[in-house]
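Notes follow the structure.
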Amino acid sequence: MSAPTCDLVLMSRDHDSVDSLAEQAQRAEAYGFSHVTMGETTGYNIVPVLTVIAERTDDIGITDDVISPYSRAPTLLGQTALTMHDVSDGRFRMSLGTSSPAIAERWHGQAFDRPLRRLRETIDVIRQVCAGDDVDYDGECYDLGGMSYEGTVPSDPPEIDVAALGPKAVELAGRFADGWVPQLFTVEGLDERMDDLRHGADLGNRDPESLRVSPIVRCCATEDGETARTMARQMVAFLIGAYGPFYGDSIAEQGYPDVVEDIRTAWENRDTAAMAAALPDELLDGVAAVGTPDQVREKVDAFAAVDGVDAVRVGFVSGMSQEHKETTMDAVTDD
């Protein structure tokens, strides 16, 4: 069986230099990954890092997971998209997501107000900037006008993906974006949520097949399998219970409300061991690809087979050594 199309999510906290991240991106290109991406939160400003990666790679696509509209003005995001398009020779896709109240308010100092409206208006403004015309926007969140991008704009501006979980947010992605980046869905949950993406595309009079759907799936392969499961269990439980409210809410809606409640209660006590213990095998295996290389490949294949999925974004878990990462990369790309 041929390998599924896969992107690779770089784990920035595992690298102590930009050079190290660039080297991992070069490995991803050598393995045959379609795109390489990385998150931001409170770590590296990913724009200069992705610029270095673009300069040191040749063919691999480059994107981000994700930039929040609370972190930068929408006009600056437009400038960023065009600059990254230039330095990457057209290989860049911009990914946007509202992030979480904690990041918006406690890190960026912005009120987490009307996140979906802000996201939609940000997409509108970026597209105006990328068109090269005067930005003239009278929105509910942004009121802009009278200036335009000073450089040359390309005929093929960067496409915009949206990271989203809930039905309205996914509908927005289908209606206004060029792709959807979900995370922490089971195969069944992803397939069901795809209906909201298609509905959004219909509302926007767009072809849903033109949207690039690339779910992030946390992956870890080790020869014994159990080491992978232990590492992944800790991280998945943390994402559900501590990483903002949205992942937990999404998991609850997929049929695990009691599990989410138990994990959140453990997090209130900062008991990470109890958080991991509260995550049942069924859910771990439902949202992640962990175990032996064959088990990881089988699960990634299952996500890739969901109708409408174009690529699986392979995300590592905390605690993986470079050897674990190499084993995992090999498992998902080996024909």
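- A 4.5 Å side-chain heavy-atom check between Ser318 and Arg13 finds at least one atom pair inside the cut-off.
- Pairing each heavy atom of Asp249 with each of Arg264, the nearest pair is OD1-NH2, 2.9 Å.
- Between Tyr142 and Thr122, some side-chain heavy-atom pair lies under the 4.5 Å cut-off.
- Judged by distance alone, the side chain of Arg193 and the main-chain N or O of Pro182 form no donor-acceptor pair under 3.5 Å.
- Remark: of the listed residues Val36, Val87, Thr51, Val36 is the sole one forming a side chain to side chain contact (heavy atoms under 4.5 Å, CB included) with Ile62.
- Here the closest non-hydrogen pair linking Gly248 and Val260 is O-CG2, 3.4 Å.
- Ring geometry for Tyr243 versus Tyr247: interplanar angle under 30°, hence parallel rather than tilted (30 to 60°).
- Using a distance-only test at 3.5 Å, with no hydrogens or angles considered, a donor-acceptor pair links the side chain of Gln128 to the main chain of Asp136.
- Using modelled atom types, no side-chain atom of His199 and backbone atom of Gly174 make a donor-acceptor pair closer than 3.5 Å.
- Side chain of Arg91 to backbone of Ser88: a donor-acceptor contact under 3.5 angstrom is found.
- Hydrophobic side-chain contacts under 4.5 Å tie Met147 to no other Ile, Leu, Val, Met, Phe, Trp or Tyr residue.
- Proximity of Val162 to Ile123: side-chain heavy atoms (C-beta onward) are separated by under 4.5 Å at one or more points.
- Side-chain atoms of Val309 and Phe303, non-hydrogen and from C-beta on, never get closer than 4.5 Å to each other.
- Here the two rings, on Phe238 and Trp267, have centers that are under 6.0 Å apart.
- A donor-acceptor pair is defined here as one N or O able to donate and one able to accept, closer than 3.5 Å; no such pair exists between the side chain of Arg93 and the backbone of Gly61.
- Contact record, Ala28 with Leu8: CB-CD2, 3.7 Å, taken as the closest heavy-atom pair.
- In this structure, Arg27 forms no cation-pi arrangement with Phe33, as its terminal cationic atom is not both closer than 6.0 Å to the ring centre and no more than 45° off the ring axis.
- Among residue pairs with one or both ends in residues 270-291, those qualifying as salt bridge (Lys or Arg N to Asp or Glu O under 4.0 Å) are Arg229-Asp281, Arg229-Asp285, Arg233-Asp281; sequence neighbours excluded.
- Counting heavy atoms from C-beta outward, Pro101 and Pro115 have side chains that stay 4.5 Å or more apart.
- For the pair Gln24 (side chain) and Leu10 (backbone), a donor-acceptor distance under 3.5 Å is absent.
- Distance check: Met231 CE to Glu226 CD gives 11.0 Å after rounding to the nearest 0.5 Å.
- The backbone N or O of Asp334 sits less than 3.5 Å from a side-chain atom of Arg297, completing a donor-acceptor pair.
- The number of heavy atoms from other shown groups lying within 6.0 Å of CG (Asn205) does not exceed 12.
- Judged purely by atom type and a 3.5 angstrom limit, Glu29 uses its side chain to pair as donor or acceptor with the backbone of Asp58.
- The distance from the CD atom of Glu105 to the OG atom of Ser100 is 8.5 Å, given to the nearest 0.5 Å.
- Remark: the backbone N or O of Leu197 is not paired with any side-chain donor or acceptor of Glu171 at under 3.5 angstrom.
- Counting heavy atoms from C-beta outward, Arg72 and Ile67 have side chains that approach closer than 4.5 Å.
- Remark: the backbone N or O of Ala276 is not paired with any side-chain donor or acceptor of Gln234 at under 3.5 angstrom.
- Using a 4.5 Å cut-off on side-chain heavy atoms (C-beta onward), Phe316 and Cys219 make no contact.
- At a threshold of 4.5 Å between non-hydrogen side-chain atoms, the residues Leu211 and Asp161 do not count as touching.
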